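Below: one structure, written as C-alpha cells.
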Amino acid sequence: MIETTNAIRFLLNGEEIILTDVAPDLTLLDWLRLERRLRGSKEGCAEGDCGACTVLVGRMMDDEIIYDSVTACIRFVGSLHGTHVVTVEHLRGENGNLHPVQQAMVDHHGSQCGFCTPGFVMSLYGLWMRNPDPSRSAIEKALQGNLCRCTGYAPIIRAAQAISSHGQPQGDPLWAERIAVKEKIKALHDGRRVEIGAGDKRIIIPASLDDFAAVYEANPEARIVAGSTDVGLWVTKFMRNIGPVIFIGHLQELKRIAENASEVRFYAGVSYSEATSVIEANFPQLGELWDRIAGEQIRNMGTIGGNIANGSPIGDTPPPFIALGAKLHLRRGEHRREIKLEDYFIAYGKQDRQPGEFVESVTLPLLPAGETFAAYKISKRREEDISALCGAFRVFINHAGTVGMARIAFGGMAATPKRAKAVEAALLGKPWTMETIEAAIPAFAEDFQPISDMRASAQYRLLAAQNLLKRFFLESQGEGARLKRAVA
Amino acid sequence: MNKQTDISLATLHAPTRHDSGPKHVTGTAEYIDDMVEPVGTMHAYLGLSTKPHAEIISIDLDAVRAAPGVIGVLTAEDIPGENDVSPSHKHDEPIFAEGRVQFWGQPMFAVIAETRDAARRAAHLVKVEYHDLPHIPDVRAAQAAGGKLVTEPLKLERGDVETGLAAAPRRAKGAITIGGQDHFYLEGQIAFAVPGEDEDVTVYSSTQHPSEVQLMVAQVLAIRHNAVTVTVRRMGGGFGGKETQGNLFAAVAALAAKKWNRACKIRPDRDDDMSATGKRHDFVVDYDVGYDDTGKILAVDAVYGTRGGFSSDLTGPVSDRALFHCDNAYWYPAVRARSEPLYTNTVSNTAFRGFGGPQGMIAAERWVEDIAYALGKDPLDIRKANFYGTDTDNVTPYHQTVEDNIVHRVVEELEASSDYQARRQAVLDFNRSNNVLKKGIALTPVKFGISFTATWYNQAGALVHVYKDGSIHLSHGGTEMGQGLYIKVAQVVADAFGVNLDSIKIMATSTGKVPNTSATAASSGSDLNGMAAYNACAQIKARLTVHAAQLYQCDEAAVEWVEGGIKAGDTFVTFAELAASAYLNRVQLSAAGFYKTPKIHWDRATGRGHPFYYFAYGASVSEVTVDTLTGEYVVDRVDILHDVGKSLNPAVDIGQIEGGFIQGMGWLTTEELVWDDKGQLRTHAPSTYKIPLASDVPPIFNVQLAEWSENREPTIGRSKAVGEPPFMLAMSVVEALGMAVASVGDYKLAPQLDTPVTPERVLMGVERMKRARGS
C-alpha cells in the first residue's frame with residue numbers, strides 16, 4: 001500500500017506553498033491573480049492561445065531543473081506539485097534594476113499598451129536562459145504563443161536580439177538560485193501519492209506510473225489530465241465539471257523516449273517540446289509540422305499521449321503517425337495490449353479505450369530505407385493555428401518505378417483521423433507519375449466528405465487535400481513546391 | 001521650424017520611451033482588473049441571447065437567482081433611467097433586450113454575484129423561450145430584403161457621372177467584398193464602479209471616450225453628469241473597439257453599484273466579448289468605373305453597402321468616412337459615391353482604426369487593379385496616372401481642395417529606395433520559371449484625411465498644475481491605449497517649460513479633471529490634446545514671465561525661457577525657484593488649456609465642405625510568395641515610407657506604423673469573421689480568429705519616416721496624426737497576392753480577390769485563373 005499525503009507543495013517565486021484545499025479545476029492564473037494577488041500575469045483569452053498569462057514552471061528532469069514557459073490560464077494548480085512557478089513579479093536584475101529582458105524591451109519600445117508585455121517578457125526570459133543569442137527564427141518560435149496587437153512585433157524581435165547585450169544568464173539572480181531551488185524541489189518528491197478532496201472535487205497525484213495504473217483501474221470515472229491543453233478549455237470555456245482528476249504530467253516514467261534500430265517509442269507524457277529533438281533526428285520530414293503545432297507554451301504542456309487519447313479529428317500527430325504505421329500501447333492495471341493507431345479512432349468522440357485503460361505509449365517504426373514520407377499541415381494562419389487539414393503521405397516506389405506501398409492519412413477531413421484507402425488503392429501498382437496522381441484524384445471524394453466550418457470550406461479541404469498529393473509527388477521528383485520563409 | 005515652442009530640451013521630436021514602459025515589463029502597470037477591490041466588491045456577468053432574431057416569449061431567471069453566490073439579477077426593469085446606450089442617440093441600443101433579440105450574443109440580463117465565476121456560471125442557468133423571426137445575416141441578404149437602413153445614407157457627388165461613364169472608352173464594373181475585423185485588444189472590455197454618497201458614482205472604464213461613458217451612466221441612472229466621474233489610467237489596447245463598446249459594461253457596473261451600494265466589476269470572457277461587441281464594418285462595394293486607353297479614370301459610380309448590425313452605433317460616420325476615402329490618392333473627374341448603412345441581425349458594428357476609410361480605399365485600389373490588368377500594365381503606372389495634382393485636378397468628391405499633396409514625392413522615393421522596378425522584373429522572371437510557387441509585388445499609396453467629420457469633436461481641454469517645488473501635474477482629455485499619447489503630450493509640456501520629463505506626473509484621464517472631452521479617436525489625440533496642453537502651459541508661462549520681470553526688475557521681453565528655468569536679465573532662476581517665488585507672490589500656477597481645430601466645416605446634406613484639416617500620406621511595397629497548390633503564402637518583404645509631418649516622437653511613430661501595418665495585414669489576410677447559418681459568430685476566440693504572429697512579420701521590413709515632411713498647417717510641432725493612416729499601407733499585400741494569383745493566368749485577368757485574402761481565397765483565385773486559361 002502506497003503512502004499518501006494530502007498536500008500539494010511547490011515553490012512560487014521565492015516562497016514554499018503548501019495547499020491542502022484545492023479544487024481540481026482551479027487554474028494557476030486564477031490562483032495567482034485572485035488568491036495571491038499577483039496581477040502581473042494577465043488573462044487575455046483563457047484558452048492558452050494569447051500568452052498574456054505566460055509564466056515559467058520549473059520541474060525536475062534527469063536531475064536537472066527545466067523551466068518551461070506555460071500558459072497559466074489553462075494550467076491547473078493541482079498539476080504543480082513539486083515544481084517551481086516563476087511569475088513576472090520574480091524577475092529582477094542585479095541591484096534591483098530591470099532584468100536584462102525587461103531593459104531590452106523598454107529600450108527597444110517593445111511595449112505599447114503593455115497588456116501582453118509580461119507574457120512576452122516571460123517567454124523571452126525562458127528563451128534567453130537556454131539560448132542567450134537566439135536566431136530570428138528561434139525568437140519567432142519562442143513567441144509563437146504570444147499575441148501582441150499593438151507593436152506588430154518588430155520592436156519585440158529587436159528587443160529579443162538585444163537581450164544578451166544587457167546581461168548573460170550566468171549573471172541572473174534566478175540562475176544563481178537554481179541550486180538551492182533544485183534541492184528544495186527534489187525534497188518535494190517524496191515518493192508519496194497526493195490525494196486531496198472527495199467526490200468530484202477529488203485530486204489524485206499518483207506516486208509512479210504503476211501507482212497511476214492502479215489508481216485509474218480503481219477509479220475509472222476519474223479524468224486523466226496531463227498537459228491540460230484540451231481539458232483546460234473544458235473548464236475555462238465550457239465550465240464543465242472535470243473531477244475527480246488524476247494528474248499525470250509529473251510522471252517521469254511517462255516521459256521516456258526509447259529508441260532502437262527499428263522504432264522509437266514515446267511514452268504518453270512526452271510533451272511536443274520534449275519530443276522535438278528525437279522527431280527531428282528520426283523523422284526529419286515531421287520537423288516543419290512539429291514546429292507548427294500550437295505555440296511554444298502549448299508545446300511545452302501538451303503531450304503526445306494526450307493528442308492521441310482525446311480522439312480529436314484535428315490533432316496534428318495522428319495523421320503522420322498513422323501513415324508511419326504507429327502502434328498504440330494501452331494499459332489497464334497490469335494488463336497491456338497493443339493496437340494499430342488507426343484502429344483506435346472508431347468514430348467522433350469514440351475511441352477503443354476501455355474504462356480504467358489509458359494510453360501508455362506509442363511506437364513509431366522508423367521509415368524503411370527507400371520509402372518516401374511527408375506530412376503537411378494547412379491552416380489559415382501559418383503558425384499557432386489548428387489544422388484546416390493535415391495530410392501525411394508515405395510510399396514505396398519499387399525498382400520498376402511503380403507504387404509498391406502507399407499509406408496516406410488525413411486529419412480535418414472526417415470525423416476521425418483517417419486513412420485515404422481509396423486513394424491508396426488508386427496508386428498501388430501504378431507507375432509513380434503525374435498521370436497516376438491525376439487519375440487518383442477522384443478517389444479522394446470516396447474517402448472523404450469533409451465539412452465546412454470556420455477554418456475552411458468543404459470545397460477547399462477536398463481540393464487542398466488533392467493538391468497535397470500533387471505536392472508530395474512533385475517534392476519526390478525534387479521540384480520546389482513548398483514555401484519557405486527567409487529568416488535566419 | 002517650430003514657431004509654437006520657443007525653447008527645446010530636445011524632448012520634443014525625440015524618440016522618448018513610453019512613459020509606462022518599465023511598468024509594462026515588470027507587470028506593475030495597473031489595468032482595471034488589477035486594481036485593489038474594496039471589500040464587498042460584486043461581480044457582474046451578462047446573459048446573452050442564443051438566437052439572431054427572435055421574440056422573447058419568456059425568460060425564467062429562477063435558477064439564476066438561486067445559484068450559489070448570486071446577489072441578484074438586473075434586467076431592463078431595474079433601470080431607473082433609459083435602457084439605452086446608443087452613442088448616436090437614436091435610442092436603438094438597449095443595455096438589456098426587451099421583447100426581442102436582434103443578434104446572437106445580445107445581452108438580455110446581468111447576474112450580480114460574490115465572484116465572477118459564480119456570476120458566470122449562474123448566467124448560463126437561464127431558460128429563455130424564443131419565437132424565431134427571419135434573420136438578415138449580411139449585406140447581400142439585407143439588400144435582397146429591401147435594404148432597411150440603420151441610419152441616414154450619404155451621397156458625395158461631383159461632376160457629370162452619367163456623361164463621364166457614357167463617354168468612357170472602357171469600363172470596369174464589379175463588386176468587392178471587404179471583410180470585417182475584430183479588434184482583439186488584449187485587455188477585453190471591463191468596467192469597475194464604486195458608489196459614492198448621494199447620487200455619486202465613480203466608474204473605472206476601459207474606454208477611449210470617458211465623457212461618453214459619463215453621459216451613458218448618467219442617462220441610465222437618471223442622474224446629472226456631475227454625479228458621475230469616469231477615470232481611465234490606461235487601456236490594454238483599444239483600436240476603436242473601446243470608443244463606444246465600453247458604454248454598456250460601464251452602465252451595468254454602475255447600475256449594480258448604486259442598486260446594492262457596493263462596488264461592482266464586470267469583465268466578460270473573451271468569447272462573450274467577441275460575440276457581444278461590435279467590429280470593423282464589412283462592406284460590399286458595387287462599382288462602375290469609366291476610363292480611357294491610357295488608364296486614366298474618367299468617372300466613378302459606386303455604392304457602399306455595409307453591415308451595420310442591429311443598431312446605428314457609429315455606422316453613420318463610419319460609412320461616411322468610407323465615402324470620404326473612395327478616392328484614396330486619386331482624382332476622379334466625375335464621381336458619385338453613395339452609402340448604404342444596412343440593418344442586419346448581427347452585432348452592431350463600430351469604430352476600428354481607419355473608421356471606414358480603409359474599406360473605401362481598398363475599393364479604389366480594386367478598380368485601379370482592374371484597369372491595370374485590362375490594359376496589361378503595371379498597376380503602379382495606373383496609380384501615377386490618376387494621382388491628385390498639386391495645382392489642378394485637386395478637388396475631392398466632397399469638394400475640398402487638396403492643398404498639401406505630397407503623394408508624388410513619397411511614391412517616387414519609395415519606388416527608388418525599395419528598388420521596385422528591378423524587383424518587379426525579378427518577380428516576373430521568377431514566375432516564368434516556377435510552376436507551383438508564384439511571386440507578386442505591389443506598391444500602393446495612402447492619403448488619409450485628418451479630423452473628426454463631426455466638427456464639434458475637434459476640440460480638446462487640458463489641465464496643468466505647477467506645484468511650489470516645480471513639479472507638474474498634467475491632465476488632458478485624451479486616453480492612453482498604448483499609442484504613446486501620454487508621453488507625446490508630456491513631451492510638449494516638458495518642452496514648453498524647459499524642464500525634464502521626470503518633473504511631469506502624467507495623470508489618469510478623468511472627467512473630473514477635463515470635462516466634455518472627445519473620444520480619443522480619428523488619430524487626433526496628440527493634435528488636439530497636445531495643443532490644449534500647450535495652451536495651458538502658455539498661460540502659466542505668460543503669468544510667470546510677468547512675475548519674473550517684476551521680481552527681477554527687468555523688461556518682460558528680457559525674460560527668456562531657457563533649459564531648466566528662465567533668464568531674467570542676467571539672473572538665471574530654476575523653474576522650481578520660479579514656481580516657489582510665484583506662489584509667494586500669489587501668481588496662479590494652474591491653467592486649463594483649450595484647443596479647437598481651425599478651418600474645418602462640413603455640410604452633410606449637400607456633401608460639401610472642408611471636413612479635414614490636412615492629409616497624411618504614405619506608401620508601401622509588399623512582395624509575397626504564394627503556393628498555388630494550397631493557397632498558402634508568405635510575405636517576404638515590405639518597404640514603407642510614411643509621412644507623420646515633423647515627428648513628435650519618432651520611436652512612437654515608427655511603432656504606430658509597424659503596428660498599424662501588421663494589424664492591417666491581419667485584417668486583409670488571416671482575420672476572418674465567420675458566422676454560421678444559425679447566426680452565431682464562430683470565430684470568437686484566438687483559437688479560431690487569427691491575428692498576425694511574430695512569425696508573420698516580413699523577414700525584411702523597412703520602415704522609414706518621410707523626414708523632410710512638415711505639416712503645412714500649424715499643428716503641434718508641425719507634426720501629423722499617425723494612429724490610423726499606416727493601417728492602410730497593408731493594401732499592398734493584397735495587391736501583391738493578386739499579382740501572384742494573376743500570374744497563373746498570365747496576367748490577363750484581374751485577380752479580384754475579396755478580403756480577407758485567406759489561403760482558401762488565394763487557391764480559389766488560382767482555380768479561377770486556371771479555368772480561364774483552360775477555356
Side-chain angles (χ1 to χ4, degrees), chain A residues 39-42 44-47 49-50 52 88-89 98 102 105-106 109 111-118 121 139-140 143-144 147 149-157 237 239 378 380-386 453-454 456-457 460 463-464 467-468 470-471 474 479-481 483 485-487, chain B residues 17-18 20-22 24-29 31 34 120-121 124 184-187 234-237 269-271 436-437 481-484 625 627 629-630 632-634 636 651 655 658-659 661-663 670 672 674 682-683 685-688 690-691 693-697 699 701 758-760 763:
Chain A
R39 297 193 165 181
S41 309
K42 311 299 182 192
C45 70
E47 61 178 22
D49 256 310
C50 81
V88 71
E89 285 85 0
L98 290 180
Q102 295 168 326
M105 283 286 280
V106 171
H109 314 285
S111 69
Q112 285 184 21
C113 86
F115 196 83
C116 70
T117 310
V121 165
I139 293 165
E140 290 178 353
L143 297 180
Q144 272 174 347
L147 299 179
R149 194 52 153 167
C150 296
T151 65
Y153 304 97
I156 298 173
I157 293 169
K237 294 300 166 180
M239 291 172 282
I378 294 184
K380 204 179 283 179
R381 185 175 65 196
R382 193 167 165 76
E383 293 179 346
E384 209 218 7
D385 197 355
I386 292 164
D453 66 10
M454 61 280 187
S457 70
Y460 176 75
L463 179 59
N467 283 353
L468 286 181
K470 291 183 184 171
R471 177 198 280 178
L474 290 171
E479 187 163 335
L483 288 171
R485 247 179 110 249
V487 292
Chain B
R17 295 175 304 200
H18 196 286
S20 290
H24 291 155
V25 298
T26 51
T28 54
Y31 302 83
D34 305 337
R120 186 177 175 210
R121 287 175 188 275
H124 286 79
F184 211 87
Y185 27 65
L186 262 290
E187 178 210 36
R234 61 171 63 78
M235 282 164 271
D269 182 66
R270 174 66 63 178
D271 296 53
V436 175
L437 302 183
M481 61 195 103
Q483 83 279 40
T625 310
D627 175 350
L629 287 176
T630 61
E632 298 164 288
Y633 48 80
V634 291
D636 299 308
E658 289 172 338
F661 177 86
I662 296 296
Q663 195 177 73
T670 56
E672 189 175 27
V674 181
R682 298 314 300 256
T683 48
S687 52
T688 45
K690 308 314 271 189
I691 72 169
L693 290 179
S695 50
D696 294 312
V697 177
F701 191 22
T758 55
E760 174 162 348
L763 186 61

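Reckoned from all heavy atoms, side chains included, excluding hydrogens, waters and symmetry mates. In what follows, chains are A, B, ... by sequence order, proteins preceding strands, each numbered from 1. Quick caveat: nothing in here was measured; it's all calculated off a predicted structure.
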Discussion item. Heavy-atom cut-off 4.5 Å, strictly under: side chain, backbone, both or neither for Y31(B) against chain A?
Written reply: side chain
Worksheet item: Quick one: what part of L98(A) sits under 4.5 Å from any heavy atom of chain B, side chain, backbone, both or neither?
Response: side chain
Discussion item. How close do A481(A) and L437(B) get, counting heavy atoms only, and between which atoms?
Written reply: C-CD2, 4.3 Å
Worksheet entry | Distance-only side-chain donor-acceptor flag, T117(A) / H24(B), under 3.5 Å | no
Fill in: Region of D269(B) that comes under 4.5 Å of a non-hydrogen atom in chain A
side chain
Fill in: Segment of S41(A) engaging chain B (4.5 angstrom heavy-atom cut-off)
neither
Response to the item:
Most heavy-atom pairs under 4.5 Å with chain B, out of L143(A), I386(A), I139(A), L147(A), belong to L147(A)
Response to the item:
So, the part of A685(B) with a heavy atom under 4.5 Å from chain A: the answer is both
Response to the item:
For C116(A) and L186(B), the nearest pair of non-hydrogen atoms, with its separation, is CB-CG, 4.0 Å
Fill in: Backbone of G44(A) reached by a side-chain donor or acceptor of R270(B) within 3.5 Å
yes
Worksheet item: Using non-hydrogen atoms only, which part of V674(B) is less than 4.5 Å away from chain A: side chain, backbone, both, or neither?
Response: side chain
Discussion item. In the structure I gave you, are the side-chain heavy atoms of Q112(A) and Q483(B) within less than 4.5 Å of one another anywhere?
Written reply: no
Worksheet item: Side chain, backbone, both or neither: which part of L474(A) has a heavy atom under 4.5 Å from chain B?
Response: side chain
Worksheet entry | From I378(A), N467(A), L463(A), residue fulfilling side chain to side chain contact (heavy atoms under 4.5 Å, CB included) relative to L629(B) | N467(A)
Discussion item. Is I157(A) in contact with chain B via its backbone, its side chain, both, or neither, using a 4.5 Å heavy-atom distance?
Written reply: side chain
Discussion item. Do the side chains of K42(A) and E187(B) get close enough for a salt bridge, i.e. N-O under 4.0 angstrom?
Written reply: no
Discussion item. Between A456(A) and chain B, with a heavy-atom cut-off of 4.5 Å, which part of the residue counts as in contact: side chain, backbone, both or neither?
Written reply: both
Worksheet entry | Presence of salt bridge, D453(A) and R682(B), under 4.0 angstrom | no
Fill in: Per-residue contact mode, E47(A) against chain B (heavy atom under 4.5 angstrom)
side chain
Worksheet item: Do you know which of S111(A), G40(A), P118(A) has the most heavy-atom pairs with chain B at a distance under 4.5 angstrom?
Response: S111(A)
Response to the item:
Of the listed R485(A), Q144(A), H109(A), the one with the largest count of heavy-atom pairs under 4.5 Å with chain B is R485(A)
Worksheet entry | Sequence-distant partners of T28(B), side-chain contact (heavy atoms from CB on, under 4.5 Å), two or more places apart | K23(B), T26(B)
Worksheet entry | Contacts of type side-chain hydrogen bond (donor to acceptor under 3.5 Å, both in side chains), residue T630(B), not counting sequence neighbours | D627(B), E632(B)
Worksheet item: What part of L468(A) is in contact with chain B, defined as an atom under 4.5 angstrom from a non-hydrogen atom: side chain, backbone, both or neither?
Response: side chain
Discussion item. Could you check whether any side-chain heavy atom of S695(B) comes within less than 4.5 Å of a side-chain heavy atom of Y153(A), counting everything from C-beta outward?
Written reply: no
Worksheet item: Given that the side chain runs from C-beta out, which part of V121(A) has a heavy atom under 4.5 Å from chain B: side chain, backbone, both or neither?
Response: side chain
Worksheet item: For the candidates H18(B), R17(B), R234(B), which exhibits the highest count of non-hydrogen atom pairs separated by less than 4.5 Å from chain A?
Response: R17(B)
Discussion item. Hydrogens and angles aside, do T151(A) and E658(B) bring a side-chain donor and acceptor to less than 3.5 Å of each other?
Written reply: no
Worksheet item: So which of R382(A), K237(A), K470(A) has the largest heavy-atom pair count under 4.5 angstrom toward chain B?
Response: K237(A)
Worksheet item: Side chain, backbone, both or neither: which part of L693(B) has a heavy atom under 4.5 Å from chain A?
Response: both
